[in-house]
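To keep things clear, I will list the structure first and then write my remarks on it.
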Amino acid sequence: MDIFQTIVIAIVEGLTEFLPVSSTGHMIITQNLLGVAQGDPFVHAFTFIIQFGAILSVVCLYWKRFFQMRNRAEVNEKLRFYGLLIVGVLPAVVIGLAAKKSGLLDWLLDSVTTVAVMLVVGGVFMLFVDKIFNKGNDGNKVTWRRALMIGFWQCLSVIPGTSRSMATIVGGMQQRLTRKNAAEFSFFLAVPTMAGATLLDLIDMFGQPNDWATSGNVFLLILGCVIAFVVAILAMKWFVGFLTKYGFKAFGWYRIIVGGIILAMLLTGHSLVMVD
C-alpha cells in the first residue's frame, strides 16, 4: 500500500463506518479498485485497525456519555451504561472469535462477491425496514434485554457487506427504540466491538514474523487512523440528523445500485482494478 491508497481507503472508512452501507465492504471494494493486494496480512490488519480511528470519534463526540461523572447519580448512570455495552458486545465476541479462529473471517474479507451480494440483499431489506420496525417511542431506553438482543443482531455483521451499523440500528428499532436512540446506541456499541477487533488484529500481527513492522507501514496505520477519525466525526453528525428525518430508504437504494454494479462487473468478467 502507498500513501495515496491509504488516504482514499481511510476516507472511505470514515465516511461509511457509521452509515448502514458496510464500511468493511466499501474498503474491500476500494482496495480492489485501487489495486491493493488482497490476502496480504498487513492489508487485512489495516482494514480493521483504521476502524479504531473512526470509533475514537464516538468517544470524542459523546465524551460526556462516556466520562462525565460529577455526582453519585452520574457515576451510577455510567456504570449502567458500561454494563449495557458489555452485554451488547458479548454475542459478537463469541461469534467473531469463532469466525476468526476458523479462518472464515479472512476468507470472507477476500470475497468481493460476498460483499456485493450482501449489499444488494441488505439494500432490499432497508427499503422496507422503516415500515416493519418504525414503532419506537422517544421514552424508550436501552434495557439489559434490549442490549443483548441488539448484540445478537450485530453478529450479522461478521459477513462483509452486511454493515455493523445497519444490523445494530435495525436491532434497536426491532426492540422499539426510535431511529435516533438506536443509531446512538449503535455508535456506542462500536467502541468496545471495534476496539476488541483491533486488539485481536494487533496481537495476531505481533505474533507473526515482523516483516510488516516497517516504519512505512506504521506510518500508514497512523495516517489511516487520523484521517478516519476526522472524517467519521463529520459523517456521524450528518447521519443522525438525516436518519431521524428521512429513514433508511436512500441508503437501501444506494446499496442496491453499488452492489448491482459490482455483481454485473464480476458476472461479465470485468476486473474491479481501476488503478494499476
Side-chain angles (χ1 to χ4, degrees), residues 12-13 15-30 51 88-89 91-92 95-96 99 104-105 107-109 111-137 140 142 145-190 193-194 235-236 238-267:
V12 170
E13 158 59 19
L15 285 173
T16 59
E17 177 61 43
F18 301 106
L19 304 186
V21 296
S22 178
S23 61
T24 302
H26 274 70
M27 281 195 287
I28 293 171
I29 291 171
T30 303
Q51 292 177 343
V89 82
I95 299 298
L104 174 64
L105 187 57
W107 178 80
L108 289 171
L109 285 172
S111 176
V112 179
T113 302
T114 299
V115 171
V117 169
M118 293 310 299
L119 282 173
V120 173
V121 171
V124 172
F125 175 70
M126 288 172 67
L127 295 181
F128 304 99
V129 70
D130 288 308
K131 292 183 179 179
I132 299 172
F133 293 131
N134 195 14
K135 301 175 183 178
N137 184 303
N140 283 347
V142 179
R145 179 182 179 279
R146 284 176 173 149
L148 182 61
M149 293 304 296
I150 294 171
F152 282 118
W153 277 85
Q154 181 171 241
C155 293
L156 295 173
S157 64
V158 73
I159 307 173
T162 301
S163 173
R164 191 206 64 82
S165 177
M166 183 193 80
T168 50
I169 294 173
V170 171
M173 292 173 64
Q174 187 270 329
Q175 290 297 303
R176 300 181 63 82
L177 297 178
T178 60
R179 286 194 293 248
K180 182 177 185 296
N181 289 344
E184 289 188 339
F185 189 71
S186 172
F187 298 162
F188 302 148
L189 194 56
T193 302
M194 299 313 303
M236 241 190 317
W238 170 83
F239 175 59
V240 172
F242 184 91
L243 182 66
T244 302
K245 188 174 182 179
Y246 298 107
F248 282 103
K249 189 165 289 187
F251 298 107
W253 283 117
Y254 170 80
R255 290 176 61 118
I256 292 171
I257 292 170
V258 173
I261 291 173
I262 299 299
L263 280 176
M265 292 179 67
L266 294 174
L267 291 173

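If you read the sequence from its start, that first residue is 1, and numbering goes on from there.
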message: Among residues at least two apart in sequence or on other chains, which ones pass side chain to side chain contact (heavy atoms under 4.5 Å, CB included) with Ile257?
response: Ile261
query: Are Leu119 and Ile29 close enough that some pair of their side-chain heavy atoms sits under 4.5 Å apart?
result: yes
field: Residue list, side chain to side chain contact (heavy atoms under 4.5 Å, CB included) with Leu243, at least two apart or on another chain
entry: Ile169, Arg179, Ala183, Phe239, Phe248
- request: With sequence neighbours left out, write down each residue that passes side-chain hydrogen bond (donor to acceptor under 3.5 Å, both in side chains) with Thr162, or none if nothing qualifies.
  value: none
field: Closest non-hydrogen atom pair, Ala116 against Ile262
entry: CB-CG2, 3.7 Å
- prompt: With sequence neighbours left out, what residues match Thr193 under side chain to side chain contact (heavy atoms under 4.5 Å, CB included)?
  reply: Val89, Gln154, Arg164, Leu189
field: Derivation of the side-chain contact (heavy atoms from CB on, under 4.5 Å) call for Val112 and Leu266
entry: CA-CA 9 Å; Val112 179; Leu266 294 174; 4.2 Å; yes
Check: Ser186 side chain, Ala182 main-chain N or O, donor-acceptor pair, under 3.5 Å: no
query: Which pair of heavy atoms, one from Met118 and one from Arg255, lies closest together, and at what distance?
result: O-NH2, 2.9 Å
message: Is any side-chain heavy atom of Leu19 closer than 4.5 Å to one of Ser165?
response: no
- line: Across all chains, not counting sequence neighbours, the ring pair (Phe, Tyr, Trp, His ring centres under 6.0 Å) partners of Tyr254 are His26
message: Once rounded to the nearest 0.5 Å, what's the spacing between atom CG of Leu177 and atom CZ of Phe185?
response: 8.5 Å
field: Distance (rounded to the nearest 0.5 Å) between Ile132 CD1 and Met173 CE
entry: 9.5 Å
statement: Correct closest heavy-atom pair for Gly161 and Ser22 would be N-OG, 3.0 Å
Pairwise distance CZ(Phe133) to CZ(Arg176) - rounded to 0.5 angstrom: 11.5 Å
message: Quick check for you: to the nearest 0.5 Å, what is the distance between Met149 atom CE and Gln175 atom CD?
response: 5.5 Å
query: What's the verdict on side-chain contact (heavy atoms from CB on, under 4.5 Å) for Asn181 and Val142, showing C-alpha distance, side-chain angles and the deciding distance?
result: CA-CA 8 Å; Asn181 289 344; Val142 179; 6.0 Å; no
query: Which residues pass the side chain to side chain contact (heavy atoms under 4.5 Å, CB included) test with Glu184, sequence neighbours left out?
result: Tyr62, Arg65, Lys180, Phe188
Over all atoms of both residues, closest heavy-atom pair of Ile95 and Cys155: CG1-SG, 3.5 Å
message: Checking Phe187 now: which residues fulfil ring pair (Phe, Tyr, Trp, His ring centres under 6.0 Å) with it, not counting sequence neighbours?
response: Phe18
- prompt: Which residues satisfy the ring pair (Phe, Tyr, Trp, His ring centres under 6.0 Å) test with Phe242, sequence neighbours excluded?
  reply: Trp238, Tyr246, Phe251
message: What verdict does the side-chain contact (heavy atoms from CB on, under 4.5 Å) test give for Leu263 and Val120, after you've listed the backbone C-alpha separation in whole Å, the side-chain angles of each residue and the deciding distance to 0.1 Å?
response: CA-CA 9 Å; Leu263 280 176; Val120 173; 4.2 Å; yes
